[in-house]
Protein chains: 2
Amino acid sequence: MSGVPELLLLRLLDQREMYGYELVRSIRAATGEAISLGEGVIYPALHALEKNGSLKSRRKAVGGRTRVYYSLTTKGRQRLDRLANEWRRIQGGITTALESPAHGSA
Amino acid sequence: MSGVPELLLLRLLDQREMYGYELVRSIRAATGEAISLGEGVIYPALHALEKNGSLKSRRKAVGGRTRVYYSLTTKGRQRLDRLANEWRRIQGGITTALESPAHGSA
DNA sequence: GACTATACCTCGAAGTTAGAGGTATCCGAG
DNA sequence: CTCGGATACCTCTAACTTCGAGGTATAGTC
């Protein structure tokens, strides 16, 4: 039902190339602190997405340190569209349910 | 991260007393067909919610058949408020992330 | 008398996520 | 120079949720 981490990763990487450690902080920022995913979620997700062809990576040395930058492939962009639509559907459904008539309040 | 089934159940039961089999169909209807939860999800969830004091039940004979009707307790209403707020937070965060600037399209 | 719909339920497999833990480098402070 | 904190990568297991299949029984219909 979820797949939220995957959606977020694809979305951010569709805007610009980023590396794992950076994504951890970017997700927090991009969601207005609402969602915080640890490295234990990000790295395995990144590897899975690369394996299935949604992402491609390249190593880049920055100040003696090596970073692994990820970016979307065509397939990844398609997957992003699909997941984003699916999310809107679910989100819309729940919003509908939550907003209907009223209960005790007001 | 999810807890969506629980949220939906609490929400529907806050509107009126219902029984399990009915809830399965109500969830589909209330979410505009977007979400469909099977009995294997509903019954265990109902039992867990009753055990932790969010719901109370009563058996009612209807046409020779016995139904178990569930309704919210005070604690359940509090839990609903909490989960609903949490959901809005998550949902808002993801929407923010999805809406930011733009990628390839338009 | 058989089949469908109603109504309840449980179980185990499958998938996701979180958190803890592990390595190594760089940089600034003391 | 040495210590600690930030950077940067990674893996593993446990926990939790959720799904689907399967199981029982009654009521009504053809």
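Lettering of chains follows the sequences in order, A, B, ..., and the numbering in each one begins at 1.
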5'-most contact on DNA chain C: A:Pro5 or B:Val68, nearest heavy atom basis?
-> B:Val68

What's the shortest heavy-atom distance between A:Lys75 and A:Asn52, and which atoms?
-> NZ-O, 2.8 Å

Nearest non-hydrogen partners of A:Ala97 and B:Leu8, listed with the distance | CB-CD1, 4.0 Å

Please confirm whether the shortest side-chain N or O distance from [X] to OP1 or OP2 of [N] is below 4.0 Å.
X       : N     : result
B:His47 : C:dC8 : no
B:Tyr19 : C:dA7 : yes
B:Tyr43 : C:dC9 : no
A:Tyr21 : D:dT7 : yes

Rounded interatomic separation in angstrom, taking [atom1] from [X] and [atom2] from [N]:
X       : N      : atom1 : atom2 : answer
A:Leu37 : D:dC10 : CG    : C1'   : 17 Å
B:Ile42 : C:dC8  : CD1   : C1'   : 13 Å
A:Leu46 : D:dA8  : CG    : C1'   : 13 Å
A:Leu23 : D:dA8  : CG    : P     : 12 Å
A:Leu7  : C:dT16 : CG    : P     : 14 Å
A:Lys51 : D:dC10 : NZ    : C1'   : 14 Å
B:Ile27 : D:dT18 : CD1   : P     : 11 Å
A:Ile35 : C:dT17 : CD1   : P     : 11 Å

So [X], base contact, sugar-phosphate only, or nothing? Heavy-atom distance under 4.0 Å.
X       : result
A:Val4  : sugar-phosphate
B:Arg59 : nothing
A:Gly40 : base
A:Val62 : nothing

So, A:Arg79 and A:Glu6, do they make that salt bridge, N to O below 4.0 Å?
-> yes

Output, in order, the C-alpha distance, side-chain angles, deciding distance and verdict of salt bridge (charged side-chain N to carboxylate O under 4.0 Å, His left out) for A:Glu22 and A:Arg16.
-> CA-CA 11 Å; A:Glu22 183 184 10; A:Arg16 61 188 146 86; 3.3 Å; yes

Just the atom pairs and distances: protein N or O near nucleotides 22-29 of chain C's N or O, under 3.5 Å.
| from | atom 1 | to | atom 2 | distance (Å) |
| --- | --- | --- | --- | --- |
| C:dT25 | O2 | A:Arg65 | NH1 | 2.6 |
| C:dT25 | O2 | A:Arg65 | NH2 | 3.3 |
| C:dC26 | OP1 | A:Gly64 | O | 3.3 |
| C:dC26 | O4' | A:Arg65 | NH2 | 3.0 |

Are the side chain of B:Arg89 and the backbone of A:Ala34 linked by a donor-acceptor contact shorter than 3.5 Å?
-> yes

Would you confirm whether B:Thr73, through its side chain, and B:Gly53, through its main-chain N or O, come within 3.5 Å as a donor-acceptor pair?
-> yes

CD/A:Gln91 to OG1/A:Thr96 distance, rounded to the nearest 0.5 angstrom?
-> 8.5 Å

Which residue, A:Thr66 or A:Pro44, contacts DNA chain D at a nucleotide closer to its 5' end, judged by nearest heavy atom?
-> A:Thr66

Do you see a donor-acceptor pair shorter than 3.5 Å between the side chains of A:Thr66 and A:Arg59?
-> no

